[in-house]
Amino acid sequence: MSNILVPNRIKSLNPELISLVAAGEVIEHPASVVKELVENSLDAFASEINVEISDVGLSQIRVADNGLGIHKDDLISSLHRHTTSKMQEASDLAAINTLGFRGEALYSISSVSNISIRSKTIDSVAGFEVISTDASNLEIRPVGMPQGTIVTVKNLFYNVPGRKKYYQNKSHLNRKIIQIITGAALANPTVGFRMKINDKVTLHVPKNQDLSHRISYLLGDSISTNLLPLDFEVDHFHLEGFASKPQGALPSDEFQYIFVNGRPVTHKQISKIIKETYGSLIEVKSHPVFVLNLGIPPSLIDVNVHPRKQEVLFINSASVYENIQKALVEVLGISDLTYSKSSKKAIYADVFEAHKANPHLASSLKDTTLTWNIKTNKQVKDIEILQIHNLYLVFETPQGLTLIDQHAAHERILYEDFLNQFKEEKSKALSVNVDQLLDLPVSLVTLLESSLETLGKLGFTIEHFRNNTFKVVSVPQLYEKHDIKKLLIEFLKDLEENAVLKDSDQASLKTIAYLACRTAIKAGDYLTLEERQNLVEKLTKTKSSYTCPHGRPVQLEISLAELGKMFKRLK
Ligand code: ADP
Ligand code: MG
C-alpha cells in the first residue's frame, strides 16, 4: 500500500440514497411534514383539517381533511417523485395559485418514514388506502371513510439516525409544529383546524371564523386588542389584515405574519420596511405585530425560489414595498413618509425625546474605569442628586462625581432582593392575590406549564383555567401594579429563547434576572428627589453594585483628577 492520496472515482448514487439526499432538503424537521401535509389539504379545498401528533412527531403525524381527495388511480403515483396535479407545463410555473407545485412532498416524506394515505373522492363509493413500507411494491386496498384524505406518517427519520436522535427528547419542538398550524390558520380563516398533541387538544378553531377572533384565540387577547384593521388596494395589489398600534409593539419579532396569496412566507425585507414605517412611533428594540395577506397576481411573483417554499420573490419589489408603506402610513395616520425620528414628533414627541441620552456625556465617559465604591460619610438623605434626561443620576462624592444608570441600578437591587427571597423560599409569604385571567398564544401554553414550578418558587401561583387560559392567583407583591399578562408573556418568550438552559438553577437565575429587569424603573421615568436618594441608598447595600444582572455597568465615576485633565487644569 502506498501513502499517496488518489481521488475517489465518481459514481452514480443509488436511487435510495438519491431520495434520502433530496428528502433532506424538503423535510428538515417534523414540522416540515406537518407543513407539507396541511398545504396539501388546503390545496384540496378542505374546510376542516385535523392534525394529530405523537411524541414530537417522530412516532406519528396524522393529517386528516375533508377536501377533494385523490383519485384511486392516482394514489400510488402521488407518492412518486415529481408527480403533481397542480402543474403541467413550464408556463404554469408563472401562474401558481396552489401552495404545492413541485410534486416532492409526499415522495420525500415517504423516503424518510412509513407513510400511508387513505383517500376518497366525491364520485367514488369507497375510499382507498396505500401503505408505503416497501416502495417497490405499492398496493391499494379499499377502506370505508368519508370524503377527504388521511395521511399517516410513522417512524419519521427511522433511516436517518442522526436526525432522529437530534430531535428526540425535545418536547419544545412541538412549538414549531404549533407555529406552522398557527400560520396556516391565520392565513385561512375560513378553514377549521383542530390539533391534538399526544391525545390532548392543543388548538381548535372553527371554520368560517372572523379573523380578529382567530387572532385573539391564537395569539392572545393582549395582542389582538392592540391591532388596527388594514385594507389597502391599488392596481393589482391588495394588502389586508391587521397591524399593531405603536403601543402594541413587542420585544420579539415572532408575531409577524406575512402571507403572499395565502402562503406563509418569511420576508426580512418586508418586516424591515414595516418596522421602518413605524419609525420612531415604536422603540428601537421593539417590533410591530402584524398579520397581513398580500394579494398579488401570481405572474408578478416567483414562488419557486426556496426548497421548502418559504420565500417568494417579487418581480417588481420596489412597488410592492412602496405600497406596503403607503398602506401602513394610512392606517397609522402618519402624515409624511420620511422616517427620520423628528418627523413623527407631532404624535409621540414627548415620550421619545425623553429616551434620548446625551451623546457628549456618553463619549466623554467612554474611557473611565469603575473604581469608585459608594462609601460616603454623608447620609444619602443629605446628598443632592440630579436626574438627567430621566436616565442617569449624578451626584458629588469625596473623590469626584458619580453617575448611575437608573434602570441598571434598580435592576441590580431587585435582582438581589429576588435572589434572597428565592433562596430562602420566602416569596410565597410576600405574594398578593390578584385573580387575573391570562390567555396565552397557543404556542406558549406548554412552555408556561413547564415553568410553573420555577414561577411558583418565585411567588407566582398560576393555575390552568381552560384551553389556553390560565388563572394567575397570586404574584409577588412587587408585581402587583404591573401588567402581569404582558410580563408573563414576555418572560415566557425570553425563557424560550434560552430553552437550552438545562439546569433548573440556571433557569431560575435567568427568570429572576428577567423579572428584575421588567419591574425596574425604566430609562425615561422621572424620579423624585426622595426616590433618587432611596435608589442610591439601596444600591450601596447590594453585593455587587457595579453591573446589572445582564452585565451592563451600573455606575461610573469621574475623579477630580480626571475632570482636571478634561478641562486642562494645571496640577
Ligand atoms: P404537490 O403538492 O407539490 O403537488 P405533493 O407530493 O405534496 O406534491 O402531493 C402530490 C399530489 O398528491 C398532489 O399534487 C395532489 O394531487 C395529491 N394530494 C396530496 N395530498 C392531498 C390531499 N390531502 N388531498 C387531495 N390531494 C392530495
Ligand atoms: Mg404538496
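Just so you know, ligand 1 is whichever comes first in the structure, and atom 1 is the first atom listed for that ligand. The structure presented is a predicted model; accordingly, all values stated were derived computationally and were not measured.
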Quiz item: Within a radius of less than 6.0 Å around NZ of K245, do more than 12 heavy atoms belonging to other residues, nucleotides or ligands occur?
Solution: yes
Exercise. Assess whether atom CD of E453 is packed by more than 12 heavy atoms of other residues, nucleotides or ligands within 6.0 Å.
Key: no
Provide the number and element of each atom of ligand 1 under 4.0 Å from a heavy atom of [X].
X: T84; answer: 1 (P), 4 (O), 14 (O)
X: R102; answer: 3 (O)
X: T149; answer: 22 (C), 23 (N), 24 (N), 25 (C)
X: A44; answer: 24 (N), 25 (C)

Salt-bridge contact [X]-[Y] (side-chain N to carboxylate O under 4.0 Å):
X: K326; Y: E330; result: no
X: E311; Y: K268; result: no
X: D92; Y: K86; result: no

Tell me whether [X] has any N or O atom under 3.5 angstrom from an N or O of ligand 1.
X: D65; value: yes
X: G100; value: no
X: A105; value: yes

Quiz item: Parallel, tilted or perpendicular: which describes the rings of F237 and F232, with under 30° parallel and over 60° perpendicular?
Solution: perpendicular
Self-check item: Ring-face cation of K72 near F128 (centre distance under 6.0 Å, axis angle within 45°)
Solution: yes
Run the contact test for [X] against ligand 1 with a 4.0 Å cut-off on heavy atoms, strictly below, and give the result.
X: G69; value: yes
X: T83; value: yes
X: K86; value: yes

Checking the side chain of [X] only, and the main-chain atoms of [Y] only, is there a donor and an acceptor separated by less than 3.5 Å?
X: R263; Y: T98; result: yes
X: N66; Y: E48; result: yes
X: N198; Y: D55; result: yes
X: H80; Y: T83; result: no
X: R118; Y: G127; result: no
X: N159; Y: S111; result: yes

Quiz item: What protein N, O or S atoms come within a distance below 2.8 Å of the Mg ion (ligand 2), ordered by chain and number?
Solution: N40 OD1
Quick one: nearest non-hydrogen protein atom to [atom], plus distance?
atom: atom 26 (N) of ligand 1; value: I70 CG1, 3.2 Å
atom: atom 7 (O) of ligand 1; value: N40 ND2, 2.8 Å
atom: atom 12 (O) of ligand 1; value: S78 CB, 3.6 Å
atom: atom 15 (C) of ligand 1; value: S85 OG, 3.5 Å
atom: atom 6 (O) of ligand 1; value: L106 N, 2.9 Å

Quiz item: If you measure from CG on L292 to CZ on F259, what distance do you get to the nearest 0.5 Å?
Solution: 9.0 Å
Practice problem: Between S77, G103, S110, flag the one that comes closest to atom 1 (P) of ligand 1 by a heavy atom. | Solution: G103
